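Because the structure is a prediction, the values reported are computed rather than measured. Each ligand, and each atom within it, is numbered from 1 in the order the structure gives. Here, residue 1 is the first one in the sequence, and each next residue gets the next number.
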Amino acid sequence: MDNWNRQLIDKYCRDYKVGMIIFVHSVDEYGIDREKVPGFPLILRYNMALKDYTLNLFSDIWRITRPGEIWEGTLQQDDWTVFDFNHSTYEPLAYAKAAPPPFLDAGYVMDNRTLVSVLQDRGTFDGIQKVFFGNGLKFWLHIPVLLDVLSYLSHGKLSLPLERHIQIDVDDIFVGITGTRMTPVDVEAVVQAQERLQQQVQGFKFNLGFSGWFYQHGNSQENEGDSKILEHRHKFWWFGHMWRHEQAHKFTQDHLERSMLLNYQFAKNHDIPIYQQYAVAPHHSGVYPVHEPLYQSWKNVWDIRVTSTEEYPRLYPAWRRRGFIHKGIMVLPRQTCGLFTHTLFLDKYPGGRHHLDNSIQGGELFQTFLFNPINIYMTHMGNYANDRLALYTFESVIKFVQCWTNLQLKQVPPLELGIKYFEMYPEERDPLWQNPCLYKRHLAIWSTNKSCDRLPKFLVIGPQKTGTTALYTFLSLHPAILSNYNSPDTFEEVQFFNGNNYYKGIDWYMEFFPIPPNATSDFLFEKSATYFDNELVPMRAHGLIPKAKLICILIHPAKRAYSWYQHIRAHNDPIALNYTFLEVVTADDSAPRKLRDLKNRCLAPGIYVQHLSRWLDYFPARQLFIIDGEWLKSHPVAVMHNVQRFLHIEPHYNYSQLIRFDPKKGFYCQILSEDKNKCLGRGKGRLYPNMSKEVTDYLRQFYRKHNVALSKFLKKNQYRIPDWLEEELSH
Ligand SMILES: Nc1ncnc2c1ncn2[C@@H]1O[C@H](COP(=O)(O)OS(=O)(=O)O)[C@@H](OP(=O)(O)O)[C@H]1O
């Protein structure tokens with residue numbers, strides 16, 4: 001780094017007490033095995049092979065990481081950097097011994113001293129705290145160390161809690177083919193393992209999921225195993241499934257409720273304690289993508305409030321899994337423990353036993369514990385039978401976690417866990433619905449009678465009062481374009497992606513669309529003029545219909561604001577009736593709150609550049625078409641020609657045969673017959689006085705900088721500049 005930049009960074013770090021974390025790579029140049037750091041009493045020694053790694057017991061950095069153990073044996077990489085220093089600012093964080101390099105030169109002399117592989121600089125030398133890692137994060141122990149370093153250098157701001165909540169679901173406790181199910185000795189082993197785990201995980205109990213129909217469906221020993229489980233039933237938590245383990249998405253609510261009721265009755269008959277308000281669905285089916293009847297049946301039969309899945313937003317990558325709340329049911333992310341329905345024996349473990357052991361000893365499973373304050377795991381009954389792979393896995397990883405970390409493991413009932421999760425991650429409460437057809441796994445657990453063809457291919461996004469209804473009407477005249485059905489509340493607008501309708505889910509949304517007779521050539525669409533300026537809509541629309549095209553209309557923002565004011569006056573808005581347009585747009589901080597709110601609702605949508613940028617954060621510019629609203633009024637035939645080209649729609653219609661200017665209305669209207677037109681209602685194309693010069697000047701000033709920015713934005717993204725904007729900027 002050149003000197004000037006380096007000085008700037010150093011000053012920044014000193015002034016704001018910002019620390020540095022430095023990963024030092026060994027120099028890959030023959031003959032260079034050590035270097036002095038210029039200006040520092042520090043020497044880097046390169047390309048070392050190390051063994052027997054240990055942490056400095058006396059460092060005050062440790063929070064999550066627990067020092068005191070030795071990671072024995074030779075470490076994998078042989079290009080470690082170690083640190084020699086000569087100043088009290090330095091304090092070792094980790095040490096190791098030198099291991100013989102893989103290719104020994106003649107005359108090689110083993111260095112038996114303790115070598116420093118992670119070094120803290122307390123900042124007394126140059127005023128900046130630093131931590132040097134003599135290698136990257138491939139060595140597992142550097143990951144918890146890094147977490148502690150982050151916490152330390154951020155003065156506690158970047159810290160994960162020490163508490164780790166754990167829940168282990170044993171799914172399908174009676175389900176499994178003969179020969180793979182639990183026998184009485186397996187059940188005893190589970191009970192004993194649970195007792196051991198209770199010493200390490202406060203409040204621990206296995207959480208057993210059952211489908212009653214399968215009870216006593218194994219061989220005689222396995223049936224005894226089933227009875228044994230019930231003998232011990234009060235030692236566990238239980239959660240209900242479908243009676244015959246059905247995949248929820250294939251069934252109606254009626255069927256699901258009957259199935260759940262049978263299972264419920266089974267639990268009652270066998271005195272199984274079910275009071276946790278938790279359930280999971282076989283194969284994640286119906287949880288996500290959401291099958292509404294499952295949620296409803298859960299509520300009706302079991303009063304379920306919490307569930308978990310690996311499928312939201314997608315199975316891979318596991319670290320991106322999130323939760324959401326739907327219809328009052330908390331859906332928590334479930335973690336991967338490395339055991340699946342089919343992994344029944346340790347020697348059949350995919351990739352071999354060492355693969356599982358690596359995952360436990362610092363690898364994926366260990367890191368899952370490390371990074372997630374809340375962990376829900378699931379395995380199936382078969383992994384508790386036979387060689388009891390699940391018990392081995394969980395007991396080993398918990399032991400490992402306790403050996404190398406200070407994490408406090410505990411378990412709380414699922415409802416409490418759900419509440420805790422969303423207190424920790426409130427931003428995850430709202431779901432982000434995605435298109436089930438874009439992911440094979442989701443498609444496989446989505447109802448076969450649903451189809452993504454019932455989702456729009458394009459959206460007219462607004463903003464309000466720019467001519468969106470006229471465009472909607474003109475579009476609907478095209479034989480290959482099908483609009484949504486009307487909503488009883490919001491008429492031709494569905495208003496799904498903004499506001500509370502979004503929480504009703506995608507089934508609700510799809511009900512607004514016909515099943516297109518020809519899915520490839522037909523274009524479903526909807527227009528909701530309030531989409532344009534809503535903060536959440538671009539993200540949500542992109543989540544569900546990322547390939548959709550978008551159309552928006554821009555008129556002069558002052559004109560738009562005035563039309564909107566007239567619109568809400570016509571709808572008897574008390575504030576708009578009480579205040580003139582000038583009073584609304586010039587309301588300052590001392591004005592009543594309701595007036596200020598109205599002003600904001602009136603003017604904010606017209607800051608077009610802000611909203612358009614947000615849309616382009618999610619959608620590529622080529623998917624968005626911008627119409628000059630003045631042209632839509634005066635030359636709608638030409639505009640519709642361009643819209644059809646943008647949509648690539650066939651057949652290409654000449655709109656002069658469909659619409660014509662109606663002198664009485666003063667706008668273009670649909671041609672019904674030679675002498676009859678059908679125009680938009682009285683609410684569109686209202687008559688009202690012109691804006692006063694005073695308010696025109698005021699708004700011109702108000703929007704000036706936004707319009708300048710808009711023009712730059714449009715140019716940058718290769719859009720045509722609307723005539724009204726050209727003219728505005730020429731003033
Ligand atoms: N063909 C045709 N017929 C009638 N009106 C037309 C037409 N083309 C554009 N306009 C202009 O559309 C304005 C209403 O805009 P919107 O339909 O977007 O309003 S809304 O947001 O849906 O309420 C409406 O605004 P006002 O003039 O203020 O009523 C019209 O100027």
Take every heavy atom of [X], measure it against each atom of ligand 1, and state whether any distance is under 4.0 Å.
| X | answer |
| --- | --- |
| L632 | no |
| E630 | no |
| Y472 | no |
| K465 | yes |

Exercise. Give the atoms of ligand 1, by number and element, whose distance to some non-hydrogen atom of K527 is under 4.0 Å.
Key: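 Reading through ligand 1 atom by atom, the close ones are 22 (O).
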
Practice problem: Within a distance under 4.0 Å of any heavy atom of Q464, pick out the atoms of ligand 1 and give their elements. | Solution: 21 (O)

Practice problem: On the 0 to 90° scale, with breaks at 30° and 60°, tag the Y698-F702 ring pair as parallel, tilted or perpendicular. | Solution: parallel

Quiz item: Under 30°, 30 to 60°, or over 60°: which ring-plane class applies to H255 and F251, parallel, tilted or perpendicular?
Solution: parallel

Can you tell me the protein heavy atom closest to [atom] and the distance?
| atom | value |
| --- | --- |
| atom 28 (O) of ligand 1 | Y688 OH, 2.4 Å |
| atom 23 (O) of ligand 1 | K684 NZ, 2.9 Å |
| atom 13 (C) of ligand 1 | G467 N, 3.9 Å |
| atom 18 (O) of ligand 1 | T468 OG1, 2.5 Å |
| atom 1 (N) of ligand 1 | Y668 O, 3.0 Å |
| atom 10 (N) of ligand 1 | F667 CE2, 3.8 Å |
| atom 31 (O) of ligand 1 | K633 CE, 3.4 Å |

Side-chain donor-acceptor pairs of residues 539-547 under 3.5 Å, sequence neighbours excluded:
{"residue": "R540", "atom": "NH1", "partner": "F497", "partner atom": "O", "Å": "2.9"}
{"residue": "H542", "atom": "NE2", "partner": "Y618", "partner atom": "O", "Å": "3.4"}

Is there a nitrogen or oxygen of [X] sitting under 3.5 Å from a nitrogen or oxygen of ligand 1?
| X | value |
| --- | --- |
| E492 | no |
| T469 | yes |
| T466 | yes |

Self-check item: N486/E492 under side chain to side chain donor-acceptor pair (under 3.5 Å): CA gap, chis, key distance, verdict
Solution: CA-CA 5 Å; N486 273 6; E492 83 273 6; 5.9 Å; no

Self-check item: Among P463, G685, A470, S563, closest by any non-hydrogen atom to atom 27 (O) of ligand 1
Solution: G685

Practice problem: Might you work through the side chain to side chain contact (heavy atoms under 4.5 Å, CB included) test for K527 and L459, ending with a clear yes or no? | Solution: CA-CA 6 Å; K527 85 101 178 165; L459 299 176; over 6 Å; no

Quiz item: Does a sphere of radius 6.0 Å around CD in Q718 hold more than 12 heavy atoms from other residues, nucleotides or ligands, not counting ones at 6.0 Å or beyond?
Solution: no

Exercise. Spell out, as yes or no, whether a donor-acceptor pair under 3.5 Å connects the side chain of H478 to the backbone of F523.
Key: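 Side chain of H478 to backbone of F523: no pair is present.
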
Exercise. Apply ring-ring contact (aromatic ring centres under 6.0 Å, His included) to Y562 and F581, showing your working.
Key: CA-CA 7 Å; Y562 190 44; F581 185 51; 4.8 Å; yes

Quiz item: So, are D723 and R720 salt-bridged, with charged N and O less than 4.0 Å apart?
Solution: yes

Quiz item: Any ring-ring contact (aromatic ring centres under 6.0 Å, His included) pairs touching residues 308-327, not counting sequence neighbours?
Solution: Y288-Y312, Y288-F324, Y295-H326, Y312-F324, F324-W433, H326-W433

Quiz item: Hey, mind stepping through H284 and T309 against side chain to side chain donor-acceptor pair (under 3.5 Å) and telling me if it holds?
Solution: CA-CA 6 Å; H284 307 264; T309 185; 2.8 Å; yes

